[in-house]
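Per chain, numbering begins at 1; letters A, B, ... match sequence-line order.
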Amino acid sequence: MSDDVSRDFIRKIIYDDLESGKHDEIVTRFPPEPNGYLHIGHVMSICLNFGVAAENDGRTFLRYDDTNPGKEDEVFVRAIESDVHWLGFDWADRLTHASDYFERLYESGEKLVELGLAYVDSLSADEIREHRGTLTECGRNSPFRDRSVGENMDLFRRMRAGEFVDGVHVLRAKIDMASPNMNLRDPALYRIRHISHQHTGDAWCIYPMYDFAHTLSDAFEGITHSLCTLEFEDHRPLYDWFLDNLKPPHRPRQIEFSRLNLAYAITSKRKLGVLIDNKVVSGWDDPRMPTIAGMRRRGYPAAALRNFVKRGGVTKKDKLIEMGVLENSVREILGEVAERRMAVLRPLKVVLTNYPEGRVEMMQAMNHPNRPELGKREVPFSREIWIERDDFMEDAPRKFFRLKPGGEVRLRSAYIIRCDEVVKNDAGEIVELRCSYDADTRSGTGTSDRKIKGTIHWVSGDQALPATVRLYDRLFTVPDPNTVDDIMDVLNPDSLATVEAKLEPSLASLEPGEAVQFERLGYFCQDAHDNSKDSLVFNRIVTLRDSWARIEKQAMRGQT
RNA sequence: UGGGGCGUAGCCAAGUGGUAAGGCAACGGGUUUUGAUCCCGUGAUUCGCAGGUUCGAGUCCUGCCGCCCCAGCCA
């Protein structure tokens with residue numbers, strides 16, 4: 001790790017701990033609960049935890065926080081593993097579960113009972129809530145708080161043995177019902193749940209709570225720095241309480257950082273689920289979803305996600321990062337890597353009246369203008385071609401330098417053409433352009449070096465490949481849908497548009513997962529689920545930067 | 001109104017007593033057979049606000065304001 005880069009506050013702490021000899025090795029963990037798919041917020045946590053360890057030759061555990069069998073599912077487990085791997089991180093043999101430690105956790109529960117620091121409470125959930133007090137009023141002690149160590153031990157063991165039905169008892173830490181920190185008002189440690197667990201089956205009918213299980217799992221694994229988000233800051237005194245009283249051999253330190261929020265997106269598993277349930281999206285991996293699976297299917301490169309996170313930084317300040325930062329990270333990688341191709345999304349027919357019928361020329365097109373080593377490909381050219389409807393304007397403003405009546409434009413990697421005639425149907429809609437080409441201007445070999453301001457893309461009519469192209473946009477109309485009462489009220493109706501496009505023939509042999517740039521339009525890839533040889537389906541990953549769109553927008557604003 | 005955090009440019013973010021880095025966005029210009037890429041240039045007399053300490057404060061002190069989190073047998 002380079003020293004000239006200023007370190008974030010967590011890396012500073014870690015560096016100091018290494019420097020001072022407090023730790024010889026850094027050990028971190030990424031602890032997802034297998035109850036949903038990983039999203040952009042998790043990407044930050046994954047990059048931080050795995051990144052900070054890797055930078056210091058440390059180790060990172062992928063540990064499932066599977067303490068609530070009612071909410072967790074095996075299907076999420078597999079998705080989580082493939083997502084983390086795809087992002088570029090590896091846990092080697094350090095794949096663990098909080099449930100791996102259920103026996104040791106139980107022993108720690110008994111130890112707390114022995115120490116007189118935990119008791120079995122027999123109040124109902126409602127009664128416990130009533131006793132807890134409020135933010136401004138102290139709680140009251142449970143009438144069962146002073147049970148003897150012996151009675152507590154007996155009850156706790158019988159809880160484990162399955163003698164009680166759900167909810168009749170709970171093991172609680174005995175801390176302070178008057179604490180201004182709600183987490184210290186005798187938090188629950190164990191609850192009874194006669195449910196089988198996706199990993200331990202029916203071995204248990206009592207399950208540990210998050211604070212207890214998480215703290216001790218960290219300690220058992222020798223985690224040195226337990227990095228979590230800000231909402232757990234209030235839990236740190238409890239985290240330290242467990243450590244102080246149970247005195248495990250390793251003492252991890254919890255450090256909190258702020259979550260990464262992405263503008264116009266949602267990062268709540270519950271709300272993401274609402275989108276799926278209401279059929280707003282097709283599933284967890286819908287390309288509009290801010291899930292890792294969705295972004296991957298959309299075509300975002302893993303490296304772009306990693307760079308994006310790096311740009312955000314690690315702090316304790318609430319942040320809402322603009323979508324543009326993510327998109328730019330994607331463009332940055334794809335601009336370098338993606339080969340160029342031509343495709344017409346909204347086709348307008350052009351007939352070159354002076355081009356021989358039946359003739360087909362193969363034009364040479366660069367695969368990447370800035371990387372000649374990526375070579376060239378052949379693109380067929382003929383009398384009838386498709387161009388983008390947006391590239392023609394009948395009444396064009398002065399600054400529009402694409403095609404207009406009587407005007408000239410260069411066809412990328414081919415000839416310069418002039419628009420001679422606009423053909424319309426009875427409804428007055430433009431259905432065809434009749435143009436003439438300048439035979440001297442063939443790309444590369446042309447004898448003419450006439451300068452033409454505009455260059456547009458095209459696809460040869462006869463050889464064009466039909467394809468369905470999905471154009472994605474943000475899912476919401478407001479920057480912070482997380483704060484809205486009902487996300488269904490702020491859905492962007494145009495988050496998905498589908499067009500029937502014309503592609504250049506070489507696109508038939510694209511590798512699955514390979515992103516290409518459709519010149520002048522954006523980056524695209526075949527959809528992992530719906531694309532097939534017989535019916536091509538492409539996803540738009542992200543548009544190119546479009547300064548013409550910006551000019552148009554400004555003009556609009558000027559008019560109104 | 002209890003407790004815990006956080007406030008530096010539109011969005012992120014360095015800075016830890018010596019006179020406000022950087023990225024993204026925006027704007028201006030150059031190159032260009034992608035209105036892309038690339039290149040160059042332009043932003044904070046000011047760091048939530050008000051006082052105070054100091055030769056000197058974003059950095060220290062005091063007060064105030066604003067935003068976020070906490071009352072699951074969820075994580």
Side-chain angles (χ1 to χ4, degrees), chain A residues 5-8 31-33 35 65-68 70-72 121 123-125 128-129 132-139 166-172 179-185 187-193 206-207 209-211 213-214 228-237 256 258 260 263 269 310-329 331-332 335-336 340 342 365-366 368-370 399-402 410-414 416 441 443-444 446 451-457 479 517-522 543-551:
Chain A
V5 176
S6 65
R7 272 179 271 261
D8 58 69
E33 184 189 11
N35 68 343
D65 239 327
D66 56 350
T67 55
N68 191 357
K71 290 188 176 176
E72 295 148 10
D121 197 352
L123 250 24
S124 70
I128 286 181
R129 189 181 322 119
R132 188 156 28 231
T134 68
L135 295 178
T136 52
E137 297 161 42
C138 291
D166 291 6
V168 310
H169 300 301
V170 63
L171 184 73
R172 289 229 259 171
S179 173
N181 181 343
M182 300 298 279
N183 295 298
L184 265 20
R185 319 246 264 227
L189 266 27
Y190 268 95
R191 73 288 218 191
I192 301 171
R193 283 263 192 291
I206 58 172
Y207 292 97
M209 298 292 290
Y210 163 82
D211 290 292
H214 193 86
C228 63
T229 43
L230 244 33
E231 66 269 29
F232 293 103
E233 204 150 25
D234 285 347
H235 294 239
R236 184 158 21 99
E256 313 82 14
S258 61
L260 181 163
K269 287 178 192 170
K310 203 175 295 170
R311 287 199 167 117
V314 181
T315 65
K316 300 188 71 157
K317 193 159 76 176
D318 290 337
K319 54 182 122 202
L320 212 209
I321 301 181
E322 291 172 341
M323 190 66 109
V325 180
L326 209 208
E327 293 183 335
N328 197 61
S329 299
R331 289 189 189 106
E332 209 171 85
E336 182 67 17
R340 272 95 271 210
M342 287 198 285
M366 299 270 288
H368 191 123
N370 309 335
K399 283 198 267 186
F400 183 83
F401 43 84
R402 278 117 88 161
R410 165 134 237 148
L411 293 178
R412 168 127 253 226
S413 306
I416 292 172
T441 56
S443 189
K451 287 283 176 196
I452 293 291
K453 184 66 175 162
T455 299
I456 64 172
H457 59 277
Q517 183 192 105
F518 287 174
E519 293 208 62
R520 303 208 309 129
L521 297 172
T543 62
L544 248 35
R545 264 215 192 81
D546 187 352
S547 52
W548 171 246
R550 229 183 296 141
I551 292 167

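Comparing A:Ile551 and A:Lys317, the nucleotide of RNA chain B nearest to each residue sits closer to the 5' end for A:Lys317. Each of A:Ile452 and A:Gly313 was matched to the nucleotide of RNA chain B holding its nearest heavy atom; the match closer to the 5' end belongs to A:Gly313.
The CD atom of A:Glu33 sits 12.0 Å away from the NE2 atom of A:His214 when rounded to the nearest 0.5 Å.
At the heavy-atom level, A:Asp234 lies under 4.0 Å from base atoms of the strands shown. Here A:Glu336 lies out of heavy-atom contact (under 4.0 Å) with every strand. At the heavy-atom level, A:Thr315 lies under 4.0 Å from the strands shown only through sugar-phosphate atoms. Across all strands shown, A:Ile128 has heavy atoms under 4.0 Å from base atoms, whether or not it also approaches the sugar-phosphate. Residue A:Glu519 is in base contact, counting any heavy-atom pair closer than 4.0 Å across all strands shown. Base contact: A:Lys399 has a heavy atom under 4.0 Å from a base atom. Contact annotation for A:Asp65: backbone-only contact, meaning every heavy-atom pair under 4.0 Å involves sugar-phosphate atoms and none involves a base.
Nucleotides B:C68 and B:A9, compared at atom C1', are 22 Å apart to the nearest Å. Straight-line distance between the C1' atoms of B:C60 and B:U54: roughly 9 Å, to the nearest whole Å. Taking atom P on both nucleotides, B:C47 is separated from B:G10 by 14 Å, rounded to a whole Å. A distance of about 34 Å separates the C1' atoms of B:G22 and B:U62, rounded to the whole Å. To the nearest whole angstrom, the two P atoms, one in B:A57 and one in B:U16, are 15 Å apart. A distance of about 15 Å separates the C1' atoms of B:C6 and B:G58, rounded to the whole Å. Taking atom P in both B:C27 and B:U8, one finds a spacing of 24 Å when rounded to whole Å. Comparing the C1' positions of B:G35 and B:U46 gives a spacing of 37 Å, expressed to the nearest Å.
The NZ-P distance, from A:Lys453 to B:U34, rounds to 10 Å in whole Å.
Side-chain atoms of A:Leu544 lie closest to B:U34 of the nucleotides B:U34, B:C74, B:G35.
Applying the 5.5 angstrom centroid cut-off and the 30 degree plane-angle cut-off, the aromatic ring of A:Tyr210 is not stacked upon the base of B:A75.
In terms of phosphate contacts, A:Arg520 brings a side-chain nitrogen or oxygen within less than 4.0 Å of OP1 or OP2 of B:G35. Side-chain nitrogen and oxygen atoms of A:Ser547 include at least one within less than 4.0 Å of the OP1 or OP2 phosphate oxygen of B:A36.
One N or O donor and one acceptor, one from the side chain of A:Arg340 and one from the base of B:U34, sit under 3.5 Å apart.
No donor-acceptor distance shorter than 3.5 angstrom exists from the side chain of A:Asn35 to the backbone of A:Lys71, with no hydrogens or angles considered. Put simply, the side chain of A:Arg185 gets close to the backbone of A:Arg132: a donor and an acceptor are under 3.5 Å apart.
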Begin from the C-alpha positions of A:Asp211 and A:Met209 and carry the test side-chain contact (heavy atoms from CB on, under 4.5 Å) through to its verdict.
CA-CA 6 Å; A:Asp211 290 292; A:Met209 298 292 290; 5.8 Å; no
